[in-house]
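Scroll down for the structure; my scribbles are underneath it.
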Amino acid sequence: MSLRPRARIHLSNIAANWRRMDALSGEGGAGAVVKADAYGHGIGPVSKALADAGCRTFFVAYGFEGVRVREAVGPDAEIYVFNGLAALDRGDAISCTLRPVLNSTAEIAEWRQLDWGTPFALHVDTGMNRLGVRPRDVGAAAEQLNGKKPSLLMTHFACADDPSSPMTTAQLESLSPALKAFPDVPLSLSNSAGQWLGPEFRQGLTRPGIALYGGGNSVQRPRDLLPGMTLEAPILQVSRINTGEPVGYGATYRAKRPTDVATVAIGYGDGVLRAASNSGFGYIGGVRCPIIGRVSMDLITFDVSAVGPLAKPGAWVELLGAQADLEEQAAAASTLGYELTTGLGPRVERIYEN
Ligand SMILES: *Cc1c(COP(=O)(O)O)cnc(C)c1O
């Protein structure tokens, strides 16, 4: 027997979530953001499943990620590299027709020298103040490009997860010089949360990421998105401790009554955050069980007193999935679902299910 934590990846759920985001999008449809190993779900199998579902445009952060998408989806899909020329090797760009997202006038100048002949996107920074050509420089960018048209005109919203924020509308307004300088270039505005804000934000090609994997911290997130993965770990040992006895490093938990403690084979060495100590949870046989004590590198302890005989060595605890909601689990560790799935390490076995 060789028990280790496992993530069952539900490719059909991810495809169904994509179809849903695609149907919600305007005529530009939905692309798919598969950077960071498809948010920890596996970039190759996820890209293939999405291409089979009809997705034609993929977004990654790095050229090497784009190479893996190209291998998985074949020659027809469009693949954009968010981090631009610095993240993209010439050989990969040409052999896999990867499209850089150009993020500054300096990068446009470099692009003109390189002359790779692949299409490219132009990113306008309307308020993130992170990457992109600033609106005041859009005229200069158009001059530099001298009639060469981007295949996509992109911006990215800072506060799309908060429908009450005035920032998203302000960002859309500050895109207007770019719309004038680059008429007829297809637009791409919204991530997952932006799509839920309303039709004007769904113009052009949308760029959902987290929604495909069943998460998202927007209050507008539909509650019935399907989980992209079920993260499970096996129980190694169950023991009863007495009132007042401590559990784990630092003895941060003390039993308030006689308690059945299950010690489970997963920890921060696998990507479960230490911040989930005494606050995260799992499910065994449909029963919710709190994490008690500190999350350690290889082990987590749960109070399984309410579970009964199902809590025994070899039984699986669900830490993420249909019962253990990604965003609820993330909130218990003061973070977002993005960090939980992207942080899963190589010790977690990925099992692909259709
Ligand atoms: C990561 C990313 C996305 C996807 O965002 P989600 O919130 O996961 O939907 C979209 N656009 C850009 C520029 C990104 O970096």
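Residue numbers start at 1 and run along the sequence shown.
In summary, of the residues considered (Asp161, Thr169, Asp162), a side-chain contact (heavy atoms from CB on, under 4.5 Å) with Ser165 occurs for Asp162 alone.
Side-chain contact check for His41 and Arg350: no donor-acceptor pair (N or O, by modelled atom type) lies under 3.5 Å. A side-chain donor from one of Thr126 and Thr155 sits under 3.5 Å from a side-chain acceptor of the other. Side chains of Thr230 and His10: a donor on one and an acceptor on the other come within 3.5 Å.
Tyr268 and Ile292 fall into different hydrophobic clusters, where Ile, Leu, Val, Met, Phe, Trp and Tyr side chains are chained together by heavy-atom contacts under 4.5 Å. Trp316 and Met229 fall into different hydrophobic clusters, where Ile, Leu, Val, Met, Phe, Trp and Tyr side chains are chained together by heavy-atom contacts under 4.5 Å. Under the 4.5 Å side-chain heavy-atom criterion for grouping Ile, Leu, Val, Met, Phe, Trp and Tyr, Leu24 is connected to Leu205 within one hydrophobic cluster. Cluster membership check: Trp111 shares its hydrophobic cluster with Val185, using side-chain heavy-atom separations under 4.5 Å among Ile, Leu, Val, Met, Phe, Trp and Tyr. Linking ILVMFWY residues whenever their side-chain heavy atoms come closer than 4.5 Å, directly or via other members, leaves Leu3 and Ile284 in distinct clusters.
Between Tyr39 and Tyr338, the ring planes are tilted. Angles from 30° to 60° get that label.
Under 4.0 Å is where a charged nitrogen must lie from a carboxylate oxygen, and between Arg221 and Asp325 at least one such pair does. Checked for salt-bridge contact, Asp298 and Arg347 meet the test: a charged N lies under 4.0 Å from a carboxylate O. Between Glu232 and Arg8, at least one side-chain N (NZ, or NE/NH1/NH2) sits under 4.0 Å from a carboxylate O, which counts as a salt bridge.
A heavy-atom distance below 4.5 Å is not found between the side chains of Leu122 and Leu152. Annotation: side chain of Ile79 is not in contact with side chain of Thr97 (no heavy-atom distance under 4.5 Å). Counting only heavy atoms from C-beta outward, the side chains of Val60 and Val69 approach each other to under 4.5 Å. Between Pro186 and Leu153 the shortest side-chain heavy-atom distance does not fall below 4.5 Å. Side-chain contact between His156 and Arg207: present, with at least one pair of heavy atoms (C-beta onward) separated by less than 4.5 Å. Taking 4.5 Å as the limit, some side-chain heavy atom of Leu50 sits within range of a side-chain heavy atom of Val46. Between Pro346 and Val348, the closest side-chain pair of non-hydrogen atoms is not below 4.5 Å. Counting heavy atoms from C-beta outward, Arg240 and Thr259 have side chains that stay 4.5 Å or more apart.
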Test side-chain contact (heavy atoms from CB on, under 4.5 Å) applied to Val317 and Tyr283, step by step
CA-CA 6 Å; Val317 181; Tyr283 279 83; over 6 Å; no
Evaluate the criterion side-chain contact (heavy atoms from CB on, under 4.5 Å) for residue pair Thr206 and Asn191; output intermediate values, then yes/no.
CA-CA 6 Å; Thr206 57; Asn191 65 348; over 6 Å; no
Stepwise, does the side chain to side chain donor-acceptor pair (under 3.5 Å) test hold for Asn278 with Thr252?
CA-CA 8 Å; Asn278 289 305; Thr252 60; 3.0 Å; yes
Could you please spell out the steps behind the ring pair (Phe, Tyr, Trp, His ring centres under 6.0 Å) verdict for Phe120 and Tyr80?
CA-CA 8 Å; Phe120 62 97; Tyr80 288 96; 9.6 Å; no
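How far CG of Leu236 is from CG of Leu299: 6.5 Å, rounded to the nearest 0.5 Å. Atoms CG and OG, from Asn17 and Ser12 in turn, are 9.5 Å apart once rounded to the nearest 0.5 Å. In this structure, CG on Leu320 lies 11.0 Å from CD on Glu328, to the nearest 0.5 angstrom. Between the CE atom of Met21 and the CD1 atom of Ile210 there is a distance of 11.0 Å, given to the nearest 0.5 Å. The CD atom of Gln237 lies 5.5 Å from the OG1 atom of Thr263; values are rounded to the nearest 0.5 Å. Considering CG of Asn83 and NZ of Lys35, their distance stands at 8.5 Å, rounded to 0.5 Å.
The closest donor-acceptor contact from the side chain of Gln195 to the backbone of Phe201 lies at 3.5 Å or more, if one exists at all. Asn103 contributes a side-chain N or O that, together with a main-chain N or O of Phe82, makes up a donor-acceptor pair within less than 3.5 Å. Of the possible polar contacts, one joining the Asp22 side chain to the Ala30 backbone as a donor-acceptor pair under 3.5 Å is found. The backbone N or O of Ala324 lies less than 3.5 Å from no partner atom in the side chain of Gln329, so there is not a single donor-acceptor pair.
Around atom CZ of Arg90, no more than 12 heavy atoms belonging to other residues, nucleotides or ligands sit under 6.0 Å away. Other residues, nucleotides and ligands contribute over 12 non-hydrogen atoms within 6.0 Å of the CD atom of Glu349. The neighbour count for Tyr62 OH, taken as heavy atoms of other residues, nucleotides or ligands under 6.0 Å away, does not exceed 12.
Between Ser279 and Ala332, the shortest heavy-atom distance links the atoms OG-O, 2.7 Å. The two atoms that bring Ala160 and Gly194 nearest to each other are CB-N, 3.6 Å, heavy atoms only. Pairing each heavy atom of Val261 with each of Val304, the nearest pair is C-CG2, 4.3 Å. The two atoms that bring Glu65 and Ile43 nearest to each other are O-CD1, 3.6 Å, heavy atoms only. Heavy-atom minimum distance, Ala49 versus Leu11: CB-CB, 4.0 Å. The two atoms that bring Gly282 and Phe302 nearest to each other are N-CE2, 3.5 Å, heavy atoms only.
Annotation: cation-pi pair Arg288/Phe281 present, NZ/CZ under 6.0 Å from the ring centroid and within 45° of its normal. Within the cation-pi definition used here (under 6.0 Å to the ring centroid, within 45° of the axis), Arg99 does not qualify as a partner of Trp116.
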